[in-house]
Amino acid sequence: MDTDFFQQVYAVVRLIPKGRVTSYGAIARYLGAAKSSRMVGWAMNASHGLPDVPAHRVVNRIGMLSGKAHFANPFEMQRLLELEGVQVKEDQIVEFHQRFWDPQLELN
DNA sequence: CCATTGACTTAAG
DNA sequence: CCTTAAGCCAATG
């Protein structure tokens, strides 16, 4: 389980800076599985109960809160984001292009 | 074992 | 940005 794909996803998600967000595809690309963005989503689905995996900082490529329905309640994801200073309007992250954090570029 | 599903992405129109 | 279509692959039925 050490080099599990899921574990790698969690490792990257934990590195997302507060107030920044990234996409499933960006994470998948960073892990060398560019075409497996869906599996990143699966990993997040399994991340429930893990101590510090900020799943709310991971959205789809246009900054929409596609995973909000999978939280305890659909408002939790938006609430957590706004708590970190990320503004959300109509289930979409405001100024998404600015807020976007690409592990491939920023983590290096 | 085959079929369907899905917290996705890209390309084309 | 919307729609349609196709690719992707683990999990589930």
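Here is the naming used below: chain letters follow the sequence lines, and residue numbers restart at 1 for every chain.
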When rounded to whole Å, the CZ to P distance for the pair A/R61 and C/dG7 reads 18 Å
From CE of A/M39 across to C1' of B/dA7 the rounded distance in Å is 11 Å
| request: Quick one: label A/N45 by what it contacts on the DNA or RNA (base, sugar-phosphate, nothing), any heavy atom closer than 4.0 Å. | output: base
Here the distance between atom P of C/dC8 and atom CG of A/L31, to the nearest Å, is 19 Å
Assign A/A55 to base, sugar-phosphate, or nothing according to its heavy-atom contacts below 4.0 angstrom with the strands shown. base
Per nearest nucleotide of DNA chain C, the residue lying toward the 5' end, A/S36 or A/I62, is A/I62
Side chains of residues 56-74 of chain A: which donor-acceptor partners sit under 3.5 Å, not counting sequence neighbours?
from	atom 1	to	atom 2	distance (Å)
A/H56	NE2	A/E84	OE2	3.0
A/R57	NE	A/E84	OE1	2.9
A/R57	NE	A/E84	OE2	3.3
A/R57	NH1	A/I16	O	2.9
A/R57	NH2	A/E84	OE1	3.4
A/R57	NH2	A/E84	OE2	2.7
A/N60	OD1	A/I62	N	3.3
A/N60	OD1	A/G63	N	3.3
A/N60	OD1	A/M64	N	3.0
A/K68	NZ	A/D91	OD1	3.2
A/K68	NZ	A/D91	OD2	3.0
A/N73	OD1	A/F75	N	2.9
A/N73	OD1	A/E76	N	3.1

* **Any side-chain heavy-atom pair of A/R99 and A/V94 under 4.5 Å** => no
Side-chain atoms of A/K35 come closest, of B/dG6, C/dC1, C/dC8, to C/dC8
From CZ of A/F5 across to P of B/dA7 the rounded distance in Å is 16 Å
A/K68 atom NZ is separated from B/dG6 atom C1', nearest whole Å, by 18 Å
Close side-chain approach of A/I93 to A/Q87, heavy-atom, < 4.5 Å:
no
- Would you say the base of C/dC8 and the side-chain of A/R38 have a donor-acceptor pair closer than 3.5 Å? yes
By nearest-nucleotide position on DNA chain C, the 5'-leaning member of A/S37 and A/W42 is A/S37
note: A/H70, atom NE2; B/dT5, atom C1'; distance rounded to Å ~ 11 Å
**Message:** Taking only side-chain N and O atoms of A/S66, does any of them lie within less than 4.0 angstrom of OP1 or OP2 on B/dC8?
**Reply:** yes
Closest to the side chain of A/Y24, out of B/dT9, C/dC8, C/dC9, is B/dT9
Rounded to whole Å, the CG-P distance (A/L80 to B/dA7) equals 19 Å
Notebook entry, point to check: Heavy atoms, side chains only, cut-off 4.5 Å: are A/V13 and A/Y10 in contact?
Noted result: no
Atom NE2 of A/H48 and atom C1' of B/dA7 are separated, to the nearest Å, by 8 Å
- Closer than 4.0 Å, any side-chain N/O of A/R29 to the OP1 or OP2 of B/dT10? yes
Side-chain contact check for A/S47: nearest option of C/dA10, B/dC8, B/dA7 is B/dA7
### Query
Would you call A/L81 and A/V21 a side-chain contact if the rule is heavy atoms closer than 4.5 Å?
yes
Can you check whether A/S23 has a side-chain N or O nearer than 4.0 Å to OP1 or OP2 of B/dC8? no
